[in-house]
Amino acid sequence: MDVLSDVVSAARTGRPHSSRVVKSAPFAEWFAPVPSAGFHIVLQGTCWLLPSQGEPIALGPGDVAFLPRGSAHGLADDPSTPASDPPATFTGVRDDRADETSAERPPTVVMLCGAYLLDGSGPHPLLNDLPEVIHLPTRVGRHRELRAAIELLGVELDNDARPGSDTILLTLLDLLLLYILRAWFEQRRLSSHSATGWAAALHDPAVAAALRAIHGDPSRQWTVEELGAQARLSRAAFARRFTHLVGQPPLTYLTWWRMTTAARLLRTSDAPVNTIAQQVGYSSQYTFTHAFKRQYGSPPGGYRRHVG
C-alpha cells in the first residue's frame, strides 16, 4: 500500500476546485483562513504571497505555493500594496478576467489557483508535519511530473467544455496534490533537517516497509515482532526506529490509523458500524466504539450524523 496516497485519500472530502486567475497591478487581496488546502501556481508574470507569519515570498513563472492547512494569506503585485478589506474567502474559483477595469490593463500575473477540502477532525501526522506554506520554486530538470501535471491542468481549464473534462480535471487535481507533496518530501529528505519526521520515515526502508504493511492490512492483529519482521529488524531496534521517525510507537500508530480509516468509511459509506468495526480489526463493536470515541470525541453513530 502506498502510504502517501492512502493518507491523502483518507483526508480528502468533497470535490477540489480550481481556476485560471488573471490579475493586473495594482492588486492585493487577503484571504481568511479556511478548512482546506490551497495552491497558487504562477504561469506568467510575478506576484508576492504574503503569509500570516514570516516574510513575503516572491513567486515567478512556474513557482508553486501550497498552503496545507488553508492558513490566512495574501496575494499582491507588491508587498507594499494595501490589501483588500474585509478578507476574501479563498475557494480556488476567483477569476477577475471579467473585470472591465482590470481588462483595460495588461496582466501582471496569470495563475492556476485551487483548493482541496480536507477532514480536519483528525489530521494525519504526515500532514501536520508540513509547514504553513510550501514553496516549490521552478528549477530546470526538477519535479518534471509536477510540471507536466501543471501544464495539463492549464490546458484542461482553458478547454473545460470538452467531453470528459470534469473527470479529467478531478484526476489532474488529485495528481497535482500528490506531486506537490512528493516533491516537498523529497526536497526535505535531501536537506540537512530530515533526520526525523515523515520525510525521513517515508524514505527509510525499514519504517516504510512497516507502514506499508499497516496501511495494506489495518485489520490484521499486528504485533511489534511481526512489524519488525516486515522491517527486517529486531523487535527492539524496530520499535526505537519507528518511534523516532514517526513520532509514536508502532501499535499506537496502528490504532490511530484504524480509527482514521473507520472515520473515512463512516463518511463515505452506509456500512453498519459493526461491519466497519470488523473491517478495521475489531471483533467487538463495544471495544471499537470506545476506541473511536477516545480519538474523535463522539461514538461512530454520532460522528456519522455530524459529518453527514
Side-chain angles (χ1 to χ4, degrees), residues 15-34 36-52 55-84 87-117 132-139 142-143 145-160 165 168-170 172-181 183-184:
R15 290 165 61 96
H17 304 283
S18 65
S19 69
R20 184 186 290 263
V21 176
V22 180
K23 296 289 184 182
S24 298
F27 71 89
E29 194 162 20
W30 187 257
F31 298 98
V34 292
S36 60
F39 66 83
H40 303 287
I41 301 169
V42 177
L43 300 180
Q44 301 173 28
T46 61
C47 67
W48 290 80
L49 185 135
L50 312 174
S52 58
E55 296 297 317
I57 300 171
L59 301 178
D63 282 11
V64 175
F66 180 63
L67 297 99
R69 286 178 286 280
S71 305
H73 66 285
L75 287 175
D77 67 304
D78 186 274
S80 63
T81 302
S84 61
T89 299
F90 176 68
T91 63
V93 295
R94 295 178 59 86
D95 188 339
D96 70 358
R97 283 179 293 181
D99 187 332
E100 293 182 1
T101 302
S102 65
E104 298 172 357
R105 303 190 301 269
T108 303
V109 64
V110 180
M111 295 178 288
L112 291 179
C113 300
Y116 302 92
L117 297 177
E132 179 186 356
V133 178
I134 291 175
H135 177 211
L136 298 172
T138 185
R139 293 193 180 101
R142 293 288 302 278
H143 314 315
E145 304 95 335
L146 174 58
R147 304 301 162 193
I150 291 170
E151 183 176 355
L152 286 171
L153 184 57
V155 170
E156 202 61 38
L157 284 171
D158 281 343
N159 300 275
D160 59 0
S165 182
I168 291 171
L169 281 171
L170 290 175
L172 287 173
L173 286 168
D174 283 340
L175 286 173
L176 182 68
L177 177 57
L178 289 167
Y179 282 141
I180 289 173
L181 293 174
W184 187 83

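Below, all heavy atoms of this structure are taken into account, side chains as well, without hydrogens, waters or symmetry copies.
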Which heavy atom in [X] sits nearest to a heavy atom in [Y], and how many Å separate them?
X	Y	result
Leu157	Ser19	CD1-C, 3.9 Å
Ala72	Glu132	O-OE2, 3.9 Å
Val42	Gly45	CG1-O, 3.3 Å
Ile180	Leu136	O-CD1, 3.9 Å
His73	Pro51	CB-CA, 4.5 Å
Phe39	Ser18	CZ-CB, 4.3 Å

Side chains of [X] and [Y]: does their closest heavy-atom pair fall under 4.5 Å?
X	Y	answer
Ser71	Val133	no
Pro61	Thr138	no
His40	Leu67	yes
Leu172	Leu176	no

Name the atoms and distances for all side-chain donor-acceptor pairs under 3.5 Å in residues 108-117, with sequence neighbours left out.
from	atom 1	to	atom 2	distance (Å)
Thr108	OG1	Ala25	N	2.6
Tyr116	OH	Leu173	O	2.5
Tyr116	OH	Leu177	N	3.4

Exercise. Just one of Ile57, Leu49, Leu50 clears the side chain to side chain contact (heavy atoms under 4.5 Å, CB included) bar with Pro79, so which one?
Worked result: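 Going through the options one by one, the only one that passes is Leu50.
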
Problem set entry | Nearest-0.5 Å distance that lies between atom CG in Leu43 and atom CG in Leu153 |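 Going from CG on Leu43 over to CG on Leu153, the span is 9.0 Å.
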
Problem set entry | Pairwise distance OG(Ser52) to CH2(Trp30) - rounded to 0.5 angstrom |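 Reported value, rounded in 0.5 Å steps: 6.0 Å.
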
For this session: Verify the neighbour count for atom CD of Glu145: are there more than 12 heavy atoms of other residues, nucleotides or ligands below 6.0 Å?
Result: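 Atom CD in Glu145 is crowded, with more than 12 foreign heavy atoms closer than 6.0 Å.
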
For this session: Run the numbers on Phe66 and Leu181 for side chain to side chain contact (heavy atoms under 4.5 Å, CB included), then give the verdict.
Result: CA-CA 9 Å; Phe66 180 63; Leu181 293 174; 4.1 Å; yes

For this session: Please check if the side chain of Arg147 supplies one atom and the backbone of Gly62 the other of a donor-acceptor pair under 3.5 Å.
Result: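 Looks like yes, one N/O pair under 3.5 Å.
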
Problem set entry | N/O donor-acceptor pair under 3.5 Å between Ser24 side chain and Pro106 backbone |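 At least one qualifying donor-acceptor pair exists.
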
Exercise. So, are Lys23 and Asp77 salt-bridged, with charged N and O less than 4.0 Å apart?
Worked result: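 Salt bridge between Lys23 and Asp77, a charged N being under 4.0 Å from a carboxylate O: no.
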
Exercise. Can you name the residues that form a salt bridge (Lys or Arg N to Asp or Glu O under 4.0 Å) with Asp63, not counting sequence neighbours?
Worked result: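 So Asp63 forms no salt bridge (Lys or Arg N to Asp or Glu O under 4.0 Å) with any residue.
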
